[in-house]
Amino acid sequence: MSREPYLLPNGRVLRYTFRERLVHWLAGVSYVYLLLTGLAFWSPWLFWIAVVLGSPTISRAFHPWIGIVFLIAVCLMYSMWAAQMGETSADKAWWQAIGHYIRNEDRQVPSADRFNPGQKLLFWGFFWNAIVLLLSGLILWFPQSIPWNLRFLHLAAVLIHPISTLLTIALFIIHVYMGTAMERGAFGSVIRGDVSRAWADTHHHSWYQQLLRDSARK
Amino acid sequence: MSQASTEIIRISAHAGPVPGAGIDREFQVCKLVDTTTCIGCKACEVACLEWNGYPFSETTFANTYQTMPETTWNYWNLIKFNEHERADGSLMLLMRKDQCMHCEDPGCLAACPADGAIVQYANGIVDFQEAHCIGCGYCISGCPFNIPRFSPAARKVFKCTLCNDRVSQGLEPACIKACPTGCLHFGTKTEMKELAETRAQQLRDQSGFPDAGVYDPAGVSGTHVIYVLHDAKNPEAYGGLPKDPHIPWAVQLWKKPLKWIGNLGIIAGVVGVFVHYLRFGPKVVREDELRSHGEIK
Ligand code: HEM
Ligand code: SF4
Ligand code: SF4
């Protein structure tokens, strides 16, 4: 981590590298496509989405393939971030101060590392649900090749796939809200990649400190 | 329904009763399959192919009299053949015409996500509209009778239509027309039910089948294809006819409670973050207030 120039010459801090941003948006765009086409088949009131996105038949045909793309993006994310998403002893105190975090009393929130415990929950929530969605999705993909006496598999997938989707929707709503409206500066970090020093200092204090220590050592 | 305006129920200044008043027109159709008089000639299989314009399929010989193991997307009607040993050791050859049952409460329709891909007509026929089918195969798990068949080429599902095209023109289904023994009948549900019960009674009283009965399963609110069976207590013996078919509970759970809980949850989530914004607003970082003022702690 320290090999990359995280403290930029223009006085800002690099939060996400180009590769990280690219993978994030590969996951984001494929997820949104899956969500829209999936919701079209979930509720008759949303069936029009499938019509808008080409046709219901096209949506049905592409959904599983885009699911594969989404899974590749999630695996790339895992390889980039899993090491930084591990639970630490400081996480408990952060969760105990979650009320302060929600009320925007950021001074009273224990300092966070590169990813705060809420982001870790988001990451692992998406990771495990992506695997569940893949496994149940594979069964939904080829219903005709499931023998009659194994059809409980398809019936289970028909329940598990949307339940898992609903869990990701809960995470997704909070994630999008925080990334766009709530946490000013966060959206720029996944677009341009950088944040201000004050932002890094406020929201990811431990991480910022580490960056300063690393650059001082060099 | 369309005939309603040709049926007269009151006539002004008319002496005597109104002709035709009180006639009860039943729209519900039904096919009766009497397994006890089926000889397994398979004329119905051929008639089905001919009427629906499908080619003859290769028959597969698997040490049984059956044409093939299961119906296929372009072979909707199959005589299922089973050897059955009775309690007294005697052997019975059970033949059952297998096809869509046209359930009053169709599981295929309950499971289907595509607008208009499956319809149920007022006469009870359940019909797939392939133009609207997206080929997801949900209907395959929704059906308790293992009927819908996926065509890999068309990527859509197919099944028996109860010859909806013929029935709507006042004709009986093609299979009925072909049957040489009279084991197939077609008419209103009430008539067919009566005929079936009469036949079952006859089998019980005169033919030594004390368990003979009619198969019109209540779990799917009855079907528009009903069977007379020698042994109504053991429908499974007739090539896997389910004893108590019903729409799988997973489909019911998924299409009703789960859907509503999920939809309410999504709406609550969106409203929740909006209210949060109104109450607490954004997290704005003040550039002049660094926790560490840029120093290394
Ligand atoms: C990871 C690989 C995935 C595969 C192979 C896959 C495959 C499928 C298939 C075959 C279906 C059934 C037919 C259809 O409606 O298109 C389906 C339905 C659905 N999928 Fe996926 N999917 C995957 C990922 C996802 C993801 C990430 C989401 C969430 C955004 C999602 C949301 C849905 C929803 C909501 C439905 C409709 C479920 C219902 O009607 O109950 N899928 N999926
Ligand atoms: S395969 Fe076609 S008919 Fe069957 S559930 Fe899917 S859309 Fe409906
Ligand atoms: S037998 Fe199966 S395919 Fe036919 S109406 Fe009933 S549920 Fe639908």
Side-chain angles (χ1 to χ4, degrees), chain A residues 39-45 47 50 55-61 101-104 106-107 111 140 142-146 148 151-152 154-159 162-163 165-166 169-170 172-174 176-178 181-186 195-199 201-203 205 208-209 212-213 216, chain B residues 70 73 111 113-115 117 132-143 146 148-152 155-157 240 248-251 253-255 258-259 261-263 265-266 268-270 272-274 276-277 279-297:
Chain A
L39 285 177
F41 300 126
W42 158 259
S43 168
W45 299 102
F47 194 65
S55 80
T57 312
I58 287 180
S59 298
R60 168 57 178 85
Y101 189 81
I102 290 172
R103 291 188 294 272
N104 293 344
D106 294 319
R107 287 308 164 94
S111 66
L140 294 180
F142 306 106
Q144 67 278 12
S145 37
I146 296 169
W148 179 246
R151 88 185 162 127
F152 69 89
H154 192 249
L155 289 170
V158 135
L159 287 176
I163 289 174
T165 300
L166 288 168
I169 290 175
F172 182 71
I173 291 174
I174 298 172
V176 171
Y177 167 61
M178 293 190 56
M182 184 183 175
E183 204 164 307
R184 293 288 153 89
V195 292
S196 73
R197 282 177 179 244
W199 191 97
D201 185 72
T202 308
H203 292 309
H205 187 68
Y208 183 55
Q209 287 290 308
L212 293 178
R213 276 198 294 275
Chain B
E70 294 287 348
W73 76 268
D115 192 356
H132 299 293
C133 170
I134 61 170
C136 65
Y138 283 178
C139 51
I140 299 173
S141 324
C143 172
N146 188 11
R149 292 283 180 266
F150 186 81
S151 155
R155 302 202 62 79
K156 291 172 188 296
V157 290
W249 62 264
V251 170
L253 193 66
W254 159 49
K255 286 288 175 176
L258 181 61
K259 206 135 279 197
I261 293 169
N263 291 344
I266 294 172
V270 172
V273 295
F274 188 68
H276 178 273
Y277 194 76
R279 174 67 184 80
F280 297 108
K283 285 185 190 297
V284 185
V285 173
R286 294 187 48 191
E287 298 294 328
D288 53 344
E289 274 187 31
L290 288 177
R291 280 195 192 203
S292 51
H293 299 281
E295 309 129 19
I296 306 164
K297 271 194 215 145

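The structure presented is a predicted model; accordingly, all values stated were derived computationally and were not measured. Numbers restart at 1 for each chain; the letters A, B, ... are given by sequence-line order, proteins then strands.
- With a 4.5 angstrom heavy-atom cutoff, Y177(A) touches chain B only via side-chain atoms.
- For F274(B), the CZ atom is loosely surrounded, since the number of other residues' heavy atoms within 6.0 Å does not exceed 12.
- If you measure heavy-atom distances from L155(A) to chain B, the contacts under 4.5 Å come from both the backbone and the side chain.
- With a 4.5 angstrom heavy-atom cutoff, A181(A) touches chain B via backbone and side-chain atoms both.
- At a threshold of 4.5 Å between non-hydrogen side-chain atoms, the residues F41(A) and I134(B) count as touching.
- Of the atoms belonging to F172(A), not a single heavy atom falls under 4.5 Å from chain B.
- Within the 4.5 angstrom heavy-atom criterion, atoms from both the backbone and the side chain of Y138(B) approach chain A.
- Interface remark: of the candidates P148(B), A111(B), P248(B), P152(B), P248(B) forms the most heavy-atom pairs closer than 4.5 Å to chain A.
- Listed here is the closest heavy atom pair of C136(B) and P143(A): O-CG, 3.2 Å.
- Using a 4.5 Å cut-off between heavy atoms, L159(A) touches chain B through backbone and side chain atoms alike.
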*For L258(B) and L166(A), run side-chain contact (heavy atoms from CB on, under 4.5 Å): C-alpha distance rounded to whole Å, both residues' side-chain angles, the deciding distance at 0.1 Å, then the answer.*
CA-CA 10 Å; L258(B) 181 61; L166(A) 288 168; 4.3 Å; yes
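- Remark: W148(A) CH2 is packed, more than 12 non-hydrogen atoms of other residues, nucleotides or ligands lying under 6.0 Å away.
- If you measure heavy-atom distances from R60(A) to chain B, the contacts under 4.5 Å come from the side chain alone.
- Put simply, of I140(B), V285(B), N146(B), the one with the most heavy-atom pairs under 4.5 Å next to chain A is N146(B).
- Within the 4.5 angstrom heavy-atom criterion, no atom of P44(A) approaches chain B.
- Your options are I173(A), V176(A), I174(A), and the one with the most heavy-atom pairs under 4.5 Å with chain B is I173(A).
- Within the 3.5 Å criterion, the main-chain N or O of W42(A) finds a donor-acceptor partner in the side chain of K259(B).
- At a 4.5 Å heavy-atom cutoff, the contact between R103(A) and chain B is made by backbone and side-chain atoms alike.
- In terms of non-hydrogen atom pairs under 4.5 Å with chain A, the most contact-rich of S141(B), G137(B), G135(B) is S141(B).
- Residue contact with chain A, scored on non-hydrogen atoms closer than 4.5 Å, is absent for H132(B).
- Looking at heavy atoms from C-beta onward, W254(B) lies in side-chain contact with P162(A) at the 4.5 angstrom threshold.
- Most heavy-atom pairs under 4.5 Å with chain A: of the set V284(B), I266(B), I261(B), this distinction falls to I266(B).
- Proximity to chain A (any heavy atom under 4.5 Å) is restricted, for C143(B), to the backbone atoms N, CA, C and O.
- Both the backbone and the side chain of L140(A) come within less than 4.5 Å of a heavy atom of chain B.
- Ranked by heavy-atom pairs under 4.5 Å with chain B, the list L39(A), V158(A), I163(A), I58(A) is led by V158(A).
- Separating the CG atom in N104(A) from the CZ atom in R279(B) is a distance of 10.0 Å, to the nearest 0.5 Å.
- For I102(A), the parts sitting under 4.5 Å from any heavy atom of chain B are the backbone and the side chain alike.
- To the nearest 0.5 Å, atom CZ of residue R155(B) and atom OG1 of residue T57(A) are 10.5 Å apart.
- Counting heavy-atom pairs closer than 4.5 Å to chain A, the top-ranked of the candidates G281(B), G142(B), G269(B), A250(B) is A250(B).
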